[in-house]
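Quantities reported herein were computed from a predicted structural model and do not represent experimental measurements.
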Amino acid sequence: MLHVCLSCPLGVMLFWHNQPEHLWPSPGELYSGPPSSLLRESLPLPYLKQEELPSIPSTEPPSPTFQYVLCAATSPAVKQQEEALTYLNQGQSYEVQMLCTSKSGDASQGPRLLKSVARVVFHDRRLQYTEQQQLDGWRWSRPGDRILDIDVPLSVGLIEPQAPPSQLNAVEFHWDPAKRTSLFLQVHCISTEFTPRKKGGEKGVPFRLQIDTFKPSDKELPPEHLHSAGCLIKVFKPKGADRKLKTDREKIEKQPLHERHKYQTACESTVFVECSPWPEPSAGPYQALSPLALTSPHSCKLLSPERFCCSPPFILDTLGGSPAEDLNPGASVLETQQWLHWHRFSSYCRTLANFTGTDLMKLSRQDLIQICGAADGIRLFNTLRARPIRHRLTLYVAQETSRQDNEVSKNPDSGFYQEISLDELSAIELMGKLAELLALPANQIHRLFHQGPGGILILLSDQVVQNLKDESYFVAVVKKVQNPDGYYLVLT
């Protein structure tokens with residue numbers, strides 16, 4: 001059969017079909033319904049379809065995807081709009097599976113060896129301001145202990161695991177993403193240790209367990225950040241997490257069916273949620289401020305811009321300074337803003353943006369209450385007029401002026417009493433302060449004695465130091481010994 005097309009702009013085109021005529025259906029046969037419906041129906045033209053484009057090879061290597069899974073069940077008593085919460089027992093080893101997959105399916109194309117840093121930090125913004133003070137207080141009450149540790153015998157695939165002595169709440173290690181890696185962590189602090197009223201684990205503060213992964217760079221360049229993820233935890237005394245989890249399950253089971261839908265379904269394991277990298281700790285007291293200044297890991301998800309953007313932008317560029325504990329009346333506007341930020345009054349930095357130290361000191365108690373409200377106003381008033389913190393023990397020591405031994409160099413301050421302040425109330429602390437006062441090497445002072453009743457010599461231990469009367473005064477006698485070579489100190 002021959003068909004002629006007269007509408008073609010190239011002229012007459014001929015189409016030869018050897019099929020019978022009845023194989024070509026009419027529009028009425030193809031589309032059922034009234035003829036008017038043919039005007040409303042749009043044809044499924046190919047250019048309207050969402051067709052997949054052919055994959056174009058990229059010159060850049062595919063970036064790997066990471067996932068960290070904590071082998072601990074989540075709480076069923078968490079509402080849908082809140083972040084999942086996991087309960088842990090103090091000192092118990094928990095496995096964290098480190099998973100890494102390349103998007104192309106070839107793990108060899110990704111980085112061969114990675115570095116990860118795991119840390120336990122505060123989730124509460126209020127505690128982030130005073131993180132360093134909180135950690136220092138915990139260090140003082142638990143000398144020699146760490147907040148976070150790696151259980152190396154149980155861990156698999158870790159290379160060079162380290163626990164930095166300067167960071168009690170962080171550990172770091174290297175691992176091969178192409179091999180199986182399991183990290184076993186132990187958290188030694190409990191949530192109630194950082195609450196004003198210690199009434200049990202239920203009132204404890206939540207922590208954030210976060211892992212940041214980096215690709216080590218060549219030469220002396222900083223490592224390249226690859227991925228960060230974290231989860232919300234609460235730490236209880238041994239067996240306390242199991243009891244709390246059981247209590248939460250019973251609480252949800254007693255709820256009506258229509259109320260159970262408001263809570264999340266508990267999972268046997270906790271998958272870390274991707275977040276922003278945690279800032280590296282900087283030197284100086286602003287270390288505690290750095291997490292908030294650079295936003296907390298979930299600030300973009302949990303905080304509104306109005307609540308977060310409350311401090312001046314120049315505060316971030318001045319973190320290297322160390323503000324004085326007391327506000328100087330001659331402080332400039334910038335120094336006053338730093339002082340407010342350091343003492344957890346950053347929400348009022350904009351209100352007091354043009355205040356100098358003198359302006360702030362002139363405000364009365366009632367003025368501060370009107371500006372900051374009752375609670376923060378009273379707190380700011382007390383902070384501005386706070387007295388210096390008193391040391392736990394103050395002693396007055398003078399060096400003996402007349403010596404028979406000439407081996408020890410004379411101190412120009414000998415004969416005058418000088419103040420020694422103790423905070424830890426330990427014999428080692430007292431020995432170090434005396435060594436500095438007497439200009440002696442601390443490692444050469446072998447014994448420290450206290451002259452008791454009848455002239456007897458009492459070896460100064462931690463318990464004896466703790467029982468010394470405050471503001472007592474002594475004369476330090478230095479005795480040279482030969483075997484081993486060094487000195488004995490006697491406080492008379």
side-chain hydrogen bond (donor to acceptor under 3.5 Å, both in side chains) between Q132 and D136, worked out: CA-CA 6 Å; Q132 190 58 44; D136 289 343; 2.9 Å; yes
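- Closest of all the heavy-atom pairs between P277 and S228 is CA-OG, 3.3 Å.
- The pair E193-R142 counts as a salt bridge, with a side-chain nitrogen and a carboxylate oxygen less than 4.0 angstrom apart.
- The heavy-atom pair separating Q210 from S276 by the smallest distance is NE2-O, 3.1 Å.
- Rounding to the nearest 0.5 Å places CG of L88 at 5.0 Å from CD1 of I233.
- A donor-acceptor pair is defined here as one N or O able to donate and one able to accept, closer than 3.5 Å; no such pair exists between the side chain of R447 and the backbone of L460.
- Considering only residues two or more places apart in sequence or on other chains, P223 meets the side-chain contact (heavy atoms from CB on, under 4.5 Å) condition with F214.
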Compile the donor-acceptor pairs under 3.5 Å between side chains in residues 153-162 and protein atoms, sequence neighbours left out, one pair per line.
| residue | atom | partner | partner atom | Å |
| --- | --- | --- | --- | --- |
| S155 | OG | D151 | O | 2.8 |
| S155 | OG | F184 | N | 3.2 |

Residues K244, D248; criterion salt bridge (charged side-chain N to carboxylate O under 4.0 Å, His left out); working and verdict: CA-CA 6 Å; K244 176 61 176 171; D248 286 356; 3.4 Å; yes
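- The aromatic ring centroids of Y87 and F236 lie less than 6.0 Å from each other.
- Checked against a 6.0 Å centroid threshold, the rings of F272 and F66 do not count as neighbours.
- The two residues L363 and R385 come nearest to each other via the heavy atoms O-NH2, 3.3 Å.
- Q67 and T65 share no side-chain donor-acceptor pair at under 3.5 Å.
- Looking at R260, its side chain does come within 3.5 Å of a backbone N or O of E253 through a donor-acceptor pair.
- For the pair E429 and S421, the tightest heavy-atom approach, listed with the atom from each and the gap, is OE2-O, 4.3 Å.
- The closest side-chain donor-acceptor pair between S93 and Q186 falls under 3.5 angstrom.
- Annotation for C71 and Q97: closest pair SG-NE2, 3.8 Å, computed over non-hydrogen atoms.
- The minimum heavy-atom distance between W339 and L360, with the atom names listed, is CZ3-CD2, 4.4 Å.
- A donor-acceptor contact closer than 3.5 angstrom is absent between the side chains of T74 and T86.
- Among residues two or more places apart in sequence or in another chain, the side chain to side chain donor-acceptor pair (under 3.5 Å) test is passed with S182 by E95.
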